[in-house]
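Take a look at the structure set out below.
Residue indices begin at 1 and follow the sequence shown. All values below come from the heavy atoms of this structure, side chains included, with hydrogens, waters and symmetry mates left out.
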Amino acid sequence: MDTATASKNVSTPRPPQKHPDKRLRMVDRTMRLHGHASHALIETLHTVQETFGFLEPDIMKYVANSLKVPLSRVYAVATFYHFFTLKPSGKHTCVLCKGTACYIGGTADILRKVETTLEIRSGETTPDGQISLMTARCIGSCGLAPAGVFDGAIVGNLSSETVMNKLHEWRRDDADH
């Protein structure tokens, strides 16, 4: 075999593909930092969640292929952990804690009132895309029960009235802008 033929058979490493979508490049970076190892799944999904806002099916397939893990495992992780969401969330997020202390403190009644008022169920977003309603098994603020998280801020000693006031405040502020 001559040297010209031999050099054609030797593969040279290619640089990583540059995606036009900056968000996807961030996901690639996370996987690359972890050597595309399967144990990087949760960290990679965190990056997807932070950059895309939710875990969309095409990106989960991309992660599964890149990390060489079954798509079923990606879905299992995505649906097991409360932090991950498979749907885009609204502009505002209301998370009500359903832990024991909060439940005893009246979270179930608050949740029913919010669902009735917003005309959505837990895990849904209002049709106008403004408010997402979620529940959590526990947010770790039992001393503040009943507690919730409003746009990332923990608020304790909730009542139906305080939650409804917050929702009305969001609606009013959004209407003003």
Subject >> Stepwise salt bridge (charged side-chain N to carboxylate O under 4.0 Å, His left out) check, Arg112 with Glu115 >> reply: CA-CA 5 Å; Arg112 275 193 294 278; Glu115 287 177 334; over 6 Å; no
**OP:** Show your reasoning for whether side-chain hydrogen bond (donor to acceptor under 3.5 Å, both in side chains) applies to Ser89 and Ser132.
**Re:** CA-CA 6 Å; Ser89 60; Ser132 290; 4.8 Å; no
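By the 30° and 60° cut-offs, the orientation of the rings of His92 relative to Trp170 is parallel.
For CZ of Phe84, the number of neighbouring non-hydrogen atoms (other residues, nucleotides, ligands) closer than 6.0 Å is greater than 12.
Here NZ of Lys166 is found 15.0 Å from CD of Glu161. Values are rounded to the nearest 0.5 Å.
The pair Arg171-Asp128 meets the salt-bridge criterion, since a charged nitrogen lies less than 4.0 angstrom from a carboxylate oxygen. Salt bridge annotation for Arg121-Glu124: absent, with no cationic side-chain nitrogen under 4.0 angstrom from a carboxylate oxygen.
If you chain together hydrophobic residues whose side chains sit under 4.5 Å apart, Leu158 and Ile131 fall into the same group. Cluster annotation: Val69 and Leu24 are assigned to the same hydrophobic cluster (Ile/Leu/Val/Met/Phe/Trp/Tyr, side-chain heavy-atom contacts under 4.5 Å, transitive). The same ILVMFWY cluster, assembled from side-chain heavy atoms under 4.5 Å apart, contains both Met31 and Leu41. Both Val27 and Tyr81 belong to a single network of hydrophobic side chains, linked directly or stepwise wherever heavy atoms of I, L, V, M, F, W or Y lie under 4.5 Å apart. Hydrophobic clustering of Ile, Leu, Val, Met, Phe, Trp and Tyr side chains at less than 4.5 Å, counting indirect connections, keeps Val74 apart from Phe54.
With hydrogens and angles left out, the side-chain atoms of Thr30 and Thr47 include a donor and acceptor closer than 3.5 Å.
Of the possible polar contacts, none joining the Ser141 side chain to the Leu144 backbone as a donor-acceptor pair under 3.5 Å is found.
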